[in-house]
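Input: a single structure, listed below in structure tokens.
Chain letters run A, B, ... following the sequence lines, proteins first and then strands; every chain starts at 1.
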Number of protein chains: 2
Amino acid sequence: MYSYSCLKALFEPESIAVIGANADKLSTGSVITANLLASGYKGKIFPVNGEGEEVHGISALSSVSDLPRSTDMAIVCLPPAEVTNAIEALAEIPVRAAIVTSRGFGEIGREGYMLEQRLARTAKNSDMIILGPNCMGFMNSALSINASLETDFTSCGNIAFFSQSGALCTTALDWANSEGVGFSKFISLGNKAVLGEGTILSYLASDPDTKVIVGYCETLKDGQDFLRTAFDATFKKPLILLRAGETPAGIRAASAHAGALTGATSAYNAAFRQTGVMQAVDIEDMFNLAHAFSCQPLPEGSNVAIVTNSGGPGIIAADMCEKGTLNISRPSSSTLDKMKEFLPAYASLYNPIDMIGDATAETYHRTLRAVAEDDVFHSILVILTPAANILGEVEKVAADIIALGKECSKPIITCFMGDHSVEGARKLLRGAGIPCYDFPEAGVRSLDAMARCARWQKKDWPIDVCFRRDYSKAKSIVENCKLTGLNELVELDAQNLASAYELPVPETVLARTSNQAAKAAKRIGYPVVLKVASAQISRKEELGLVITNLNTPQELRRAFLQITTRATRRCKDAYITGCLVQKMGPENSHEIVITFRRDPQFGPLINFSLTGLHVDMLGDVSSRLAPLALNDAQEMIREVKAYPILRGARAGAAVDLGALEDILLMVSQMAIDLPEIQEAEFNPVIAGPEGAVIANMRMTVG
Amino acid sequence: MYSYSCLKALFEPESIAVIGANADKLSTGSVITANLLASGYKGKIFPVNGEGEEVHGISALSSVSDLPRSTDMAIVCLPPAEVTNAIEALAEIPVRAAIVTSRGFGEIGREGYMLEQRLARTAKNSDMIILGPNCMGFMNSALSINASLETDFTSCGNIAFFSQSGALCTTALDWANSEGVGFSKFISLGNKAVLGEGTILSYLASDPDTKVIVGYCETLKDGQDFLRTAFDATFKKPLILLRAGETPAGIRAASAHAGALTGATSAYNAAFRQTGVMQAVDIEDMFNLAHAFSCQPLPEGSNVAIVTNSGGPGIIAADMCEKGTLNISRPSSSTLDKMKEFLPAYASLYNPIDMIGDATAETYHRTLRAVAEDDVFHSILVILTPAANILGEVEKVAADIIALGKECSKPIITCFMGDHSVEGARKLLRGAGIPCYDFPEAGVRSLDAMARCARWQKKDWPIDVCFRRDYSKAKSIVENCKLTGLNELVELDAQNLASAYELPVPETVLARTSNQAAKAAKRIGYPVVLKVASAQISRKEELGLVITNLNTPQELRRAFLQITTRATRRCKDAYITGCLVQKMGPENSHEIVITFRRDPQFGPLINFSLTGLHVDMLGDVSSRLAPLALNDAQEMIREVKAYPILRGARAGAAVDLGALEDILLMVSQMAIDLPEIQEAEFNPVIAGPEGAVIANMRMTVG
């Protein structure tokens with residue numbers, strides 16, 4: 001982790017060296033120097049080139065070693081092969097922060113990747129922070145720094161934007177300049193050899209000029225680091241991310257683009273969800289959300305008032321609300337009374353409040369005040385279509401909404417439909433910090449994200465849970481397994497490991513003969529389950545080597561014979577130790593699957609679902625990254641669509657949810673404690689009205 | 001159904017009367033007269049007002065009865081209470097077509113609804129076609145007719161637009177005028193008292209000026225009529241619909257707005273799917289699709305080439321393709337060879353084809369030609385971001401794409417990202433009939449809809465299937481049930497009815513005593529199922545009055561006693577006839593549910609799903625409207641996410657799909673033949689590797 005002073009040196013430098021800036025006006029270094037000058041940068045600029053050529057009227061140094069010790073930051077614009085040496089020379093000054101704009105690193109394949117690795121090592125060894133390589137640089141509007149290849153500078157604003165893709169940087173800048181929106185910081189991350197999203201987020205979270213953080217990513221530099229910093233950041237500021245590379249085709253394209261390993265989409269979704277990130281659905285949505293969050297307050301709740309002068313768009317907005325998390329509440333009776341005084345009889349007073357085409361600026365004024373004063377509503381969506389009655393007054397409505405925005409602490413989003421007839425009003429609204437969209441759908445999406453963000457920020461901090469566990473016992477079981485060269489724990493070992501975490505496992509006895517089995521069953525109590533015991537056999541159930549619901553010694557003996565004969569026949573190379581006799585799970589139960597595997601980006605991803613082919617086909621699985629807090633476990637269980645089944649839907653039994661939560665938490669702890677366990681599957685977990693037991697489990701060790 | 005001549009009189013009139021047009025320049029009649037004059041209408045205009053006042057320099061008639069017999073169409077702009085009389089007077093001339101712009105009908109509640117019903121009856125009795133009431137009128141650009149309240153006239157174009165909502169009409173006109181797009185016909189439907197979507201579609205489908213039909217609806221005037229006409233229309237022309245009022249909140253809002261009964265959303269979706277309608281996801285998407293379909297050819301297949309000069313947007317596009325139905329195919333090897341000649345080593349030659357930021361207009365030219373000539377690809381998405389290398393050549397790229405569009409029969413959609421730097425190029429492209437969007441997502445959505453439309457139009461016409469069925473037997477069973485005053489068929493009757501349709505029902509015998517049951521079971525063959533027989537008990541399974549898998553006479557007798565005892569205790573008012581002995585379904589089977597109910601808009605909606613609580617929770621149900629063709633039945637079965645289970649996923653048994661298709665088709669026929677059956681549920685249908693049987697069924701009669 002880099003110190004804040006290091007990040008300040010990078011993003012708030014008092015002096016900047018531009019390595020490779022020369023007299024060629026088209027060279028990268030020269031362009032950046034020109035951009036720095038044009039933006040009005042107040043600090044010192046030191047161009048450096050071998051020839052000592054003057055750059056845009058600034059005399060240059062001929063060597064990095066000539067730089068003063070106080071130089072804060074260097075921008076390196078050199079051919080890729082020369083970059084690492086330059087970084088080493090800079091480190092000696094010492095310069096502690098650099099931007100590397102040069103291309104020809106990881107993005108071009110193996111050779112470039114090796115160069116990039118060397119660059120990263122050099123940076124690490126010299127405790128130097130580096131933005132890039134293969135990046136466009138950054139802008140800091142408050143300090144008038146355009147340390148980027150983009151010639152257009154941003155105006156001041158409270159949105160911080162970062163992006164892995166240079167094209168998205170250009171697009172964002174174009175969008176902002178055309179909408180009159182400004183960025184506080186504007187950062188092109190490039191290949192992220194050193195500086196990734198995590199560090200950027202920690203900097204932006206405490207940047208006083210930034211109110212909203214917006215980013216585009218395909219992969220993350222370091223998933224674990226991201227989880228930590230994003231979580232801290234989102235409690236302070238909204239964090240909006242657009243991620244590309246979700247689908248197999250997108251992942252292929254992203255790998256070709258960035259040459260990076262991507263994690264699973266389910267892990268990304270879990271990561272964003274657990275850290276309160278608002279995911280944008282597309283580029284336009286990302287910009288819309290950025291704007292709405294930057295200029296409007298967060299709502300206190302999810303009740304939205306839709307005020308419109310025409311039915312169709314109101315219905316479209318209502319549909320969108322319903323698909324998301326907003327409530328279209330009924331106005332309070334006093335608001336209804338107020339509105340009845342001036343709205344025509346044909347108006348629809350309930351929500352959406354359709355004032356119908358007769359509405360004038362005065363109607364908008366009175367309705368909006370009534371709604372703004374009504375405590376039922378937490379946010380307001382104003383829709384205007386250019387009906388004849390309102391045509392001459394559209395800008396008056398806009399001015400009135402702006403006035404309302406100043407008095408009212410509720411977020412207001414507007415949608416003025418139509419083209420030239422409302423263009424002036426739209427400009428007025430946007431200029432005054434009231435988002436105005438062309439169509440109602442975007443307005444609802446923004447308000448929905450704002451309501452979700454408000455809920456997230458109000459959320460109780462997660463409750464961490466501690467368990468008694470026998471770590472050394474667990475560790476030794478795993479070590480022993482590795483010593484024996486198996487890559488999967490045998491069932492009794494897995495059970496012992498689970499017991500070390502106080503996971504509920506049914507009483508189980510290894511029986512080498514059917515006599516032993518009968519004795520064990522008598523002690524355990526019928527009905528019992530019989531399973532093959534063999535270190536070499538893993539998918540017992542699929543092979544027909546598990547027989548459940550054995551009620552008598554006769555049935556048991558027959559089953560013993562059946563299982564051992566089948567096992568010998570079906571698994572010729574396996575050594576059959578005997579059979580396990582196990583207590584049956586509770587009656588009136590439902591079967592659950594809990595698994596984890598290690599995501600390359602984020603670490604252990606825990607999955608929860610009910611059993612059954614349907615679940616597999618329909619993908620009704622909830623996922624969270626370890627470590628789970630209590631609320632994560634609670635959410636996981638409630639998030640699956642089949643949850644009503646666990647609550648006893650259709651006269652079924654309601655299960656002991658607490659027991660399931662405990663299992664999830666203990667499994668999470670196990671995944672964190674024992675990195676040797678690559679994958680684990682608890683399937684089925686039999687959950688009844690009082691407690692749950694893990695009837696079967698598999699753990700692979702690596 | 002109206003004759004084409006009637007529709008021609010309405011939309012292509014040679015003379016128009018404007019009833020209620022007077023000297024007041026702000027009156028509706030006067031505005032419409034002015035719009036007719038301004039649009040350059042060539043036919044005769046007859047303003048009519050009681051005073052005979054001159055209107056915009058045209059002398060007026062003082063009574064409808066003064067109109068010449070040859071008058072084609074009348075626009076009625078009178079207070080609602082006077083409209084019906086005017087229509088009657090018009091019918092006497094006879095004028096055969098009218099627009100009623102007046103408000104104050106169904107949209108204002110009960111009183112207006114009565115007026116509207118009267119208006120509809122009058123129209124019907126006099127065989128007169130009416131657009132509206134509560135509508136803005138229409139435009140016909142080819143004949144320079146602006147018979148609407150909209151002052152802006154549309155330019156000529158090949159898109160026909162109709163809308164239930166006046167606000168959406170205004171929005172569409174604004175959009176079209178700002179994008180330089182024109183409408184062939186532009187129709188505000190209003191309350192649809194007489195003229196609904198079905199009639200409009202039949203007219204537009206044969207309108208030579210119209211290439212694409214686009215519409216907005218909340219409800220449909222007549223679902224059955226829509227099904228017929230939409231199906232015919234979509235084989236000739238793309239039909240794009242945006243429907244609002246899908247969700248409960250949207251439905252509430254739509255009912256408040258239009259006062260109409262809406263059908264179920266699942267029925268609407270089935271209707272759109274079965275008739276080849278392209279559903280727009282939002283207003284913007286509706287306009288984007290309208291434009292793309294209007295100016296680009298349909299693709300021959302689903303393989304898209306994505307050509308980009310930057311990675312991020314390419315990945316975003318690839319993600320979108322994957323979420324839809326487009327394939328991102330690999331270029332042919334000869335194309336790869338061609339591209340290798342001029343693309344830099346770091347470019348990504350596979351698809352998306354990322355030419356990287358170095359790309360110039362020349363690179364675009366060569367890559368696009370290579371891709372256009374490659375038979376692998378059926379459509380092309382060109383992405384351009386304003387990288388430094390291309391900045392001076394953006395319009396050159398646009399001109400080159402326009403040239404390519406003229407030579408190439410594949411659809412080309414472009415996405416030029418950024419603002420002022422690409423604005424000129426965007427205008428060029430759009431003006432030349434190449435859609436150019438701001439962001440890649442919209443481009444992918446358009447190409448995807450075009451590929452789906454092409455598949456639909458190439459589709460084989462549905463195969464209607466005829467069955468042997470004993471209609472008179474079926475009818476008499478239903479009639480008898482109604483005579484006895486029951487609203488549900490008793491099980492044996494339901495079975496007989498099913499047999500009349502040759503539906504596979506298991507052999508079933510009514511046994512009044514356990515002795516009779518044992519005899520029956522012996523004859524049928526064990527294992528058997530035993531169920532209570534009672535006209536008063538409907539949900540037998542939930543009440544524990546069905547016992548399956550009885551293997552011996554002892555078990556059977558015990559079960560008989562259990563069921564009859566339980567039934568007496570649990571259903572005190574029921575008369576217990578005895579028990580039904582039924583053959584068990586096949587081994588290795590899966591359980592299916594097939595149901596239908598009558599949708600108020602569209603008639604019988606048939607549903608197909610696997611059984612299980614999960615399915616209910618997750619909504620994995622496919623639905624189609626009756627009558628089903630063979631391909632509908634096939635699609636229904638394959639469309640459920642759990643379909644792999646029926647194919648024998650995970651070592652399960654594969655079922656006889658043909659048997660399930662037959663059941664669906666026969667159930668569809670039954671639903672069409674017997675309108676008395678309100679709802680039917682075949683649950684479970686037990687499907688095995690060879691055949692399927694309906695183990696249980698319920699039918700309500702009304």
A/Ile316 vs B/Tyr216, test: side-chain contact (heavy atoms from CB on, under 4.5 Å). Steps then yes/no.
CA-CA 11 Å; A/Ile316 292 173; B/Tyr216 166 84; 3.6 Å; yes
Tell me, with the steps shown, if B/Asp438 and A/Trp175 meet side-chain contact (heavy atoms from CB on, under 4.5 Å).
CA-CA 10 Å; B/Asp438 297 2; A/Trp175 165 78; over 6 Å; no
Does the side-chain contact (heavy atoms from CB on, under 4.5 Å) test come out yes or no for A/His420 and B/Asp152, once each step is laid out?
CA-CA 11 Å; A/His420 56 85; B/Asp152 289 338; 3.4 Å; yes
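Residues B/Thr171 and A/Gly418 approach most closely at CG2-N, 4.4 Å, considering heavy atoms. The two residues B/Ile315 and A/Ala244 make their nearest non-hydrogen contact at CG2-CB, 3.7 Å. What you find for B/Pro313 and A/Ser165 is that their closest heavy atoms are CD-OG, 4.2 Å.
Only the side chain of A/Leu168 comes within contact range of chain B, with heavy atoms under 4.5 Å apart. With a 4.5 angstrom heavy-atom cutoff, A/Asn309 does not touch chain B via any of its atoms. Only the side chain of A/Phe287 comes within contact range of chain B, with at least one heavy atom under 4.5 Å from a heavy atom of that chain. Of the atoms belonging to A/Glu441, it is side-chain heavy atoms, and not backbone ones, that fall under 4.5 Å from chain B. With a 4.5 angstrom heavy-atom cutoff, B/Leu242 touches chain A only via side-chain atoms. Looking at A/Leu149, neither its backbone nor its side chain comes within 4.5 Å of chain B, counting heavy atoms on both sides.
Among A/Lys641, A/Met136, A/Met320, the residue making the largest number of heavy-atom pairs under 4.5 Å with chain B is A/Lys641. For the set B/Arg103, B/Glu284, B/Glu150, the count of heavy-atom pairs under 4.5 angstrom toward chain A peaks at B/Glu284.
The shortest side-chain heavy-atom distance between B/Ser421 and A/Thr170 does not fall under the 4.5 Å cut-off. Residues A/Arg445 and B/Asp282 are in side-chain contact: their nearest non-hydrogen atoms beyond the backbone lie under 4.5 Å apart. Residues A/Ile356 and B/Glu107 fail the side-chain proximity criterion, which asks for heavy atoms closer than 4.5 Å.
Every pair tested for salt bridge (charged side-chain N to carboxylate O under 4.0 Å, His left out) that includes a residue from residues 166-178 of chain B fails, sequence neighbours excluded, so the list is empty.
Counted within 6.0 Å of CZ on B/Arg647, heavy atoms from surrounding residues, nucleotides or ligands total 12 or fewer; the atom is thus considered open. When the shell of 6.0 Å around CD of A/Glu423 is examined, it contains more than 12 heavy atoms from other residues, nucleotides or ligands.
In this structure a side-chain-to-backbone donor-acceptor pair under 3.5 Å is present from B/Asp319 to A/Gly245.
Residues satisfying the side chain to side chain contact (heavy atoms under 4.5 Å, CB included) criterion with B/Ile108, sequence neighbours excluded, are A/Tyr346.
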